[in-house]
Amino acid sequence: MKIGNTVESLASYFKEFPKSKVIFLVGAGISTSCGIPDFRSPETGLYHNLSKLKLPFAEAVFDIDFYEENPEPFYTLAKELYPGNFKPSKFHYMMKLFQDKKRLERIYTQNIDTLERLAGIRSELIVEAHGSFADNHCISCGEEYPQEVFKSRLEECSKIDGKFDYAACVKCQSFIKPKIVFFGEDLPKRFFDTWAQDLETMQQSSKNGSEVVVIVAGTSLAVYPFASLPTEVPNTVVRGLMNKNTVGDFSKHPRKSDFLLTGDLDELATELMEHLGWSKEFNDLIVT
Ligand code: OAD
């Protein structure tokens, strides 16, 4: 099976195989149009704009060892990035429409912005590989805190007499941390369990004609183990990349069956909806 490198040919594939379903593997690029910077884009990416946090290296802001020594940069950034201030993008709503059309198998997201949930995608179809701000706990005693409690503590975080007053646990005074996966921490068990299950579905799909397509979008595929998922997709399953640039396994080990749709994700999503004849429902979903 070969899908060409145009949105039109992807739409033709979905029409030709009406039972086919998509597994999306996504990253920060699907949320940049919402006003949330991605991490590695030159000039605009978060890691290029953290000088105010005075970090020894950019990724330290999400490094567990660094955080335990100096939590201030993370809380400063978390205030800025906290979910609630942003709306889903067209790309999110496109994925929601795949769900409504019963064509969505799963979304694996590296994003912690919870915009997939906000777009109305059901939680069982979303795997938040790097966790989210939804659950919070004390890193020392493990006390769990609801999202609202952490959010209000975060809002109170401030510098008093040069000392940073971080979100502290009421029981042991250690730090309350959202269950975002930091460098040096394990990914949630659900990530591994669901991927094993979906690999099985992919293997079966080519045998029973139900067809699964894997679409990677808005990620540099720079962070493992997430970046290894496209490599693990069985050869019998078609993979595609929707992104500004070609990344990861799509440039290092391209497969003959891969398709590449290069460009802006919201524009590609809009075009795909047009070719599928889904524009009316798509536009109805988009909250302006
Ligand atoms: P990156 O910033 O590494 O990659 C974002 C990708 O999206 C880049 O290839 C951009 O070119 C592309 N992109 C951005 N905006 C786009 C647009 N409007 N249209 C098309 N493409 C666009 O972000 P991730 O790959 O998600 O982890 O980063 C992975 C992980 O690194 C994050 O989850 C985070 C970070 O460290 C943790 O914090 C644990």
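Note that the structure is predicted; figures quoted are calculated from it, not measured. Ligands are counted one by one from 1 in listed order, and the atoms in each one are counted from 1 as well.
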Determine, using ring centers only, whether Phe226 and Tyr108 are less than 6.0 Å apart. no
Is it possible for you to check whether Lys177 lies under 6.0 Å from the centre of the six-membered ring of Phe182, through NZ or CZ, and within 45° of that ring's axis? yes
Quick one: closest heavy-atom pair of Thr32 and Pro37, and the distance? CG2-C, 4.3 Å
Salt bridge (charged side-chain N to carboxylate O under 4.0 Å, His left out) evaluation trace for Glu59 with Arg40: CA-CA 10 Å; Glu59 292 182 356; Arg40 295 177 183 80; 3.1 Å; yes
Amino acids in close contact with ligand 1, where any non-hydrogen atom sits under 4.0 angstrom away: Gly27, Ala28, Gly29, Thr32, Asp38, Phe39, Arg40, Ser41, Tyr47, Phe62, Gln110, His130, Val181, Phe183, Gly218, Thr219, Ser220, Val223, Asn243, Lys244, Asn245, Gly263, Asp264, Leu265
Taking the six-membered ring for Trp and the single ring otherwise, decide whether the centroids of Phe98 and Phe24 are under 6.0 Å apart. yes
What is the minimum heavy-atom distance between Ser89 and Asp266, and which atoms define it? CB-OD1, 3.7 Å
